[in-house]
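Following: one structure in structure tokens, then a few remarks.
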Amino acid sequence: MLPAKSMVDHIEAPSISTEAYDFRGAELRWQKAWQDANCFAVADRPSGNRSKAYVLEMFPYPSGKIHMGHVRNYMLGEVIARARRAQGFDVLHPMGWDAFGLPAENAARERGIEPAQWTRDNIASMREDLKRVGLSIDWSREFATCDPAYYGHQQKLFLDFWRAGLVEQRESAVNWDPVDMTVLANEQVIDGRGWKSGALVERRRLRQWFLKITDFGEELLAGLETLDRWPERVRLMQRNWIGRSEGAELTFELVKPVKKIRGIKVYTTRPDTLFGMSFLAISPDHPLVDVIAVGNPEAAEFISACRSMGTSEAAIESAEKRGFDTGLRVSHPFAKGATYPVWIANFVLMDYGTGAIFGCPAHDQRDLEFARKYRLSVTTVVVPRQDQDLVIEDTAYTGDGLVVRSEFLNGLDVESAKTRAIAELESRGIGRRLVNWRLRDWGISRQRYWGCPIPVIHCDKCGVTPVSEADLPVRLPEDVTFDKPGNPLEYHPTWKHVACPRCGESAVRETDTFDTFVDSSWYFARFCAPHAKTPTDPLATKYWMPVDHYIGGIEHAILHLLYARFFTRAMHRLGHLGVDEPFTGLFTQGMVTHESYRTTDGRWLYPDEVVKRADGSAIYNGEPVIIGPIEKMSKSKRNTIDPSSVIERFGADTVRWFVLSDNPPERDVEWTEAGAQGAFRFVQRVYRLARTIASEPHDSIALNDAAGAARTLRQTTHRTITAVTEAIDHFAFNVVIARLYELANAITDSEPKSAPGMAASRREAIMALIRLSAPIIPHVAEESYALLEPNGRLVAQLPWLTADPTLVQRDSVTIAIQIMGKLRGTIELPPGATAETAFAIALAEPRIARALEGSTIVKRIHVADRIVNFVVRT
RNA sequence: GCGGGUGUGGCGGAACGGUAGACGCAGCAGACUUAAAAUCUGCAUCCCGAUAGGGAGUGCGGGUUCAAAUCCCGCCAUCCGCACCA
């Protein structure tokens, strides 16, 4: 092989032999060597009986440049992918682009660049950046979600979902900017105002498309139990998000009907507390509200105030609790003659339950605060058994206890009272037991241009009609303008005007596009056979799916992962896939953070533009800079570090080593330049050690005859093999790196010729260092390996090392001796020594004997090969 | 507001309930060098003590245990998510 041969020349030329590792030449050379040897490509449908590993990192949004967060993310998968390949797996490790989305439209509006052009340019430059990192990716599988060849299949999937009854149209709320006359994303609503116009945002209802994810609520919940290679916290978050609850739905009868409305339907998980009711509250978005507002200007004003904030739940729920007494009253379902006021309350969500609640202040904290604010009654109906005279002040009582003041429920515990109350509701025909979900159906309509067109045609005669499959893909027109607010598809001269596929009359296309989460809900299945004529290739997905290691940011713990799980189940049901869960293993990485900088007039600055001064302050063009908090690197805040410039200066291996070196991968990491220097030194050191050892003479003593310091070095080598292999499996890459440093230190500390077999032992050690670190720093590994094995294969093609168990085993162990749990000394014993031996030797230690003088040993604890602890009395 | 995390030296962090601070960064001292860089060697949680040694110590306050960074309860700080950013 050409690169290896050229390295031999290096060794033979003394003038060059003193040179350091030249990453500039080497990295490109080895990347080409891997490509020429086709190291990372796999077949759609591999034959043979090897195990498979599908390693996937969440694909990037092509924002323009890769940033450190990307590199870190891809490196986590990269190490697993390279290690699994060496361990004999078929490894699928693809890359693509989550290419639709809002930023492309923002670029179009702000800078007049076409979204398609902007996106393609970004992809081209990011692809180049990524390739320079030297990732072991099968680039032949690359696609972008904005390719018609991809989104056409997505449209086909949508039509299949529709036929299967998983698609619905209904009204739901959006953020409406009354000045820009456009729908805003939650992100574009800042403190209740449009980010550009500054106008107060209104909640407005639009007819939109939904996927019925709630049909899968039970399955998605149950499926979490099978995901034992997911972080527990993510499963917990999903469980809470799905939010299955058992309770009752009941109708409160209005004392006086309003128009033709006779009652208000309420969902509650606490039917046991119905006698503690003090009010009924409905959401400002409740249908009844519009009826009330007619002829009631005060109510109308309150409602419009409530609606003049975005749709985001965070905004609604953290706003000050406010209410409006409508003057209406409802009757209690059980207590004869009792009636309660109906309030409109800004914290009641229309999207959960029925959009109406009954308020029981004594046993719900939020209701209690509301009742105190508006001086509503508070009736305690559950008391703890130990404190039956409990008086509610500022804290609602939500625990179990005895039901009181509740007629037929008196004396029951909470659980029995719920059952009894529901039975009573059912027998009176005013309510029923109901399982309710916090999970809502997935609204997939976006009033945006840069997304996958929803393949639907609206015909005056035939109504809503699917595009026929022969006409897929419905292509997004690229000749659009952004000189007007709103969706360019709406006012494109020709695009939306088509003939109805059913009757042939003139009709219009749906101009909403899909939520980009749809694009990312099945791309992993497409990667298995990216050129298939159907959305998925059954044999390819049968071989590769599910993804064995899915790696991405914790910020995706709920939405993306839940949508992808839903899509996978729906695709399975419709025959597009053979599995229920897309990702059997999940790893969520922390974020890469950095200070943010802005000018005094508020413009964000890149770290490169800012000059930091010794006192910690910063300047830009001679002007002072406002230093923001350390937070997630994001394009909008420009607090990103560009990996390309670091690769330029230090090489890809330095960046690869550094992003894994210091932090546990699940934790956030702050980028520091100092760390990069250290990583660079290590890369150089590996090469230097390899060159030194390559030049040392062999001797005739076999590895197995290594003794003394040579045997000690061999033990370190083999223990490192074990430790590194295990740590990789646990994603503990910072520990992998610590162990590799230790091995490098051991090699540095070993003296050539100092012990029998040292020459072979040093050679074995450097080979292990090279091959164990190769998944992280593959370029210098190849370069170093070629020095030692000039006619060898590529490290990328070598099998993984296995440790010799006799060398991993300890000759002796250090046992800590404690008195009352405090460390008082240590002793060395052969492993497996008995408790009696350990006690005897511990007691014979002068230091221990002295410390025990004058006290009586009352208990002796022995943990084999670890601890001896004496419990004493003085 | 609700749900979920995290908190250990100057810094990033390591540690199956069992010797807290591995490994790295920065620092200090020394070697090499005309010098610098690079490299190599050593020191390094804090307090008391010359040393031997002793005491304290993993955000704060409690608890369980022979033994707690680790398990439990309460608090504080901070980060992530909250359905139209991706």
Side-chain angles (χ1 to χ4, degrees), chain A residues 20 58 60-61 63 98 100-103 106 174-175 183-189 208 231-234 236-241 243 310-321 347 351 365-366 438-448 515-517 520 553-560 562-563 588 590-591 593 629-632 634-636 661-664 666-670 672 674-675 677-679 681-682 684-685 688 732 734-735 737-742 745 748 814-826 847 858-861 863 866-871:
Chain A
M58 291 177 187
Y61 177 78
S63 56
D98 187 14
F100 277 133
L102 203 47
N106 292 337
V174 294
N175 303 306
V183 175
L184 297 180
N186 282 340
E187 189 191 48
Q188 297 171 311
V189 178
Q208 310 205 63
E232 184 49 41
R233 59 178 165 156
V234 175
L236 191 58
M237 282 189 265
Q238 292 222 346
R239 213 170 283 138
N240 290 338
W241 183 267
T311 58
S312 100
E313 197 170 305
I316 293 170
E317 289 205 345
S318 51
E320 194 201 338
K321 314 261 167 298
F347 60 86
D351 287 319
Q365 190 62 32
R366 205 166 50 175
R438 211 189 73 92
L439 180 66
R440 309 198 297 254
D441 279 330
W442 175 14
I444 50 167
S445 286
R446 296 292 180 272
Q447 295 71 42
R448 302 266 159 66
D515 177 6
T516 58
F517 273 128
S520 56
I554 182 69
E555 67 273 22
H556 293 294
I558 295 175
L559 290 180
H560 162 59
L562 194 62
Y563 291 145
T588 51
M591 285 161 306
T593 59
I630 294 167
E631 56 191 326
K632 176 182 172 179
S634 78
K635 196 160 195 286
S636 62
S661 64
D662 274 348
N663 293 71
E666 65 275 16
R667 216 179 289 183
D668 293 350
V669 56
E670 189 192 354
T672 58
Q677 300 272 0
R681 281 204 293 272
F682 183 79
Q684 292 295 335
R685 190 172 167 204
R688 201 165 52 241
N734 55 326
V735 179
I737 281 175
R739 296 295 160 260
L740 291 172
Y741 270 116
E742 281 169 347
N745 289 345
T748 306
T814 308
I815 294 185
I817 307 166
Q818 301 179 334
I819 297 170
M820 299 297 283
K822 276 193 180 297
L823 182 71
R824 284 293 180 264
T826 60
R847 202 179 144 198
V858 295
K859 195 171 178 186
R860 307 182 305 178
I861 311 280
V863 180
R866 285 192 171 274
I867 287 279
V868 168
N869 187 14
F870 297 107
V871 183

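Bear in mind the structure is a predicted one, so any value in this text is a computation, not a measurement. In what follows, chains carry the letters A, B, and so on, assigned in the order in which the sequence lines appear, proteins first and then strands, with residues in each chain numbered from 1.
Atom-to-atom, CZ of A/F517 to P of B/G81 comes out at 11 Å; the value is rounded to the nearest Å. Atom CG of A/D515 is separated from atom C1' of B/C85 by 11 Å (rounded to the nearest Å). As a whole-Å value, the separation of A/I867 CD1 from B/A20 C1' is 12 Å. Nucleotide B/C85 holds its C1' atom 17 Å from the CD atom of A/E313, rounded to whole Å. Atom pair A/K822:NZ and B/U19:P shows a separation of 14 Å (rounding to whole Å applied).
For A/L102 and A/A679, each mapped to the nucleotide of RNA chain B holding its nearest heavy atom, the one lying further toward the 5' end belongs to A/A679.
Closest contact between the side chain of A/W241 and the listed nucleotides B/C82, B/C85, B/C84 involves B/C82. The side chain of A/E555 lies closest to B/C80 when the candidates are B/G24, B/A22, B/C80. Considering only the side chain of A/I554, B/C80 comes nearest among B/A83, B/C80, B/U19.
With sequence neighbours left out, the side-chain hydrogen bond (donor to acceptor under 3.5 Å, both in side chains) criterion links A/Y741 to A/W657. For A/R866, there are no side-chain hydrogen bond (donor to acceptor under 3.5 Å, both in side chains) partners at least two apart in sequence or on another chain. Considering only residues two or more places apart in sequence or on other chains, A/F347 meets the ring pair (Phe, Tyr, Trp, His ring centres under 6.0 Å) condition with A/F370. Looking at residues two or more places apart in sequence or on another chain, you find a ring pair (Phe, Tyr, Trp, His ring centres under 6.0 Å) between A/F100 and A/Y151, A/W450. Residues passing the ring pair (Phe, Tyr, Trp, His ring centres under 6.0 Å) test with A/H560 are A/Y550, A/H556, sequence neighbours excluded. With sequence neighbours left out, A/Q365 forms a side-chain contact (heavy atoms from CB on, under 4.5 Å) with A/L368, A/E369, A/T395, A/A396. For A/R366, the side-chain hydrogen bond (donor to acceptor under 3.5 Å, both in side chains) criterion is met by no residue, not counting sequence neighbours. With sequence neighbours excluded, no residue forms a ring pair (Phe, Tyr, Trp, His ring centres under 6.0 Å) with A/W241. Every residue meeting the side-chain hydrogen bond (donor to acceptor under 3.5 Å, both in side chains) condition with A/T311, not counting sequence neighbours, appears here in chain and number order: A/N175, A/N186.
At a threshold of 4.0 angstrom between heavy atoms, the contacts of A/S520 with the nucleic acid are absent. At the heavy-atom level, A/L439 lies under 4.0 Å from base atoms of the strands shown. Across all strands shown, A/G443 has heavy atoms under 4.0 Å from sugar-phosphate atoms exclusively, and none from any base. If you check every strand for non-hydrogen atoms under 4.0 Å, A/H556 touches a base. Here A/A557 lies out of heavy-atom contact (under 4.0 Å) with every strand. Nucleic acid contact for A/V183: base, since at least one base atom lies under 4.0 Å from a heavy atom of the residue.
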*Mark up nucleotides 38-54 of chain B, 5' to 3', with B wherever a protein heavy atom is under 4.0 angstrom from a base atom, S wherever such an atom reaches only the sugar-phosphate, and - elsewhere.*
-SSS------------S
*Using a cut-off of 4.0 Å between protein heavy atoms and nucleotide atoms, how would you tag nucleotides 4-17 of chain B 5' to 3' with B, S and -?*
SS-S----BSS-B-
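Below the 3.5 angstrom threshold, one finds a donor paired with an acceptor across the side chain of A/Q208 and the base of B/C84. For A/Q447 and B/C84, a side-chain-to-base donor-acceptor distance below 3.5 Å is present, hydrogens and geometry of angles not being considered.
As the counterpart of B/G81, B/C2 is assigned, both hydrogen-bonding distances of the Watson-Crick or G-U wobble pattern falling under 3.5 Å. Remark: B/C66 base-pairs with B/G18; criterion is Watson-Crick or G-U wobble with both hydrogen-bond distances under 3.5 Å. Base pairing annotation: B/G42 forms a Watson-Crick or G-U wobble pair with B/C28, both donor-acceptor distances under 3.5 Å.
We find that A/R233 and A/E666 are not joined by a salt bridge, their nearest charged nitrogen and carboxylate oxygen being 4.0 Å or further apart.
A gap of 23 Å separates the C1' atoms of B/C16 and B/G7, to the nearest Å.
Regarding contacts with the backbone of B/A83, a side-chain N or O of A/N186 is found under 4.0 angstrom from either OP1 or OP2. Phosphate proximity of B/A83 to A/R440: absent, as no side-chain N or O sits under 4.0 Å from OP1 or OP2.
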Between the protein and nucleotides 63-70 of chain B, list every N/O to N/O distance that falls short of 3.5 Å.
{"unit_1": "B/C66", "atom_1": "O2'", "unit_2": "A/N869", "atom_2": "ND2", "d": "3.3"}
{"unit_1": "B/C66", "atom_1": "O2", "unit_2": "A/N869", "atom_2": "ND2", "d": "2.7"}

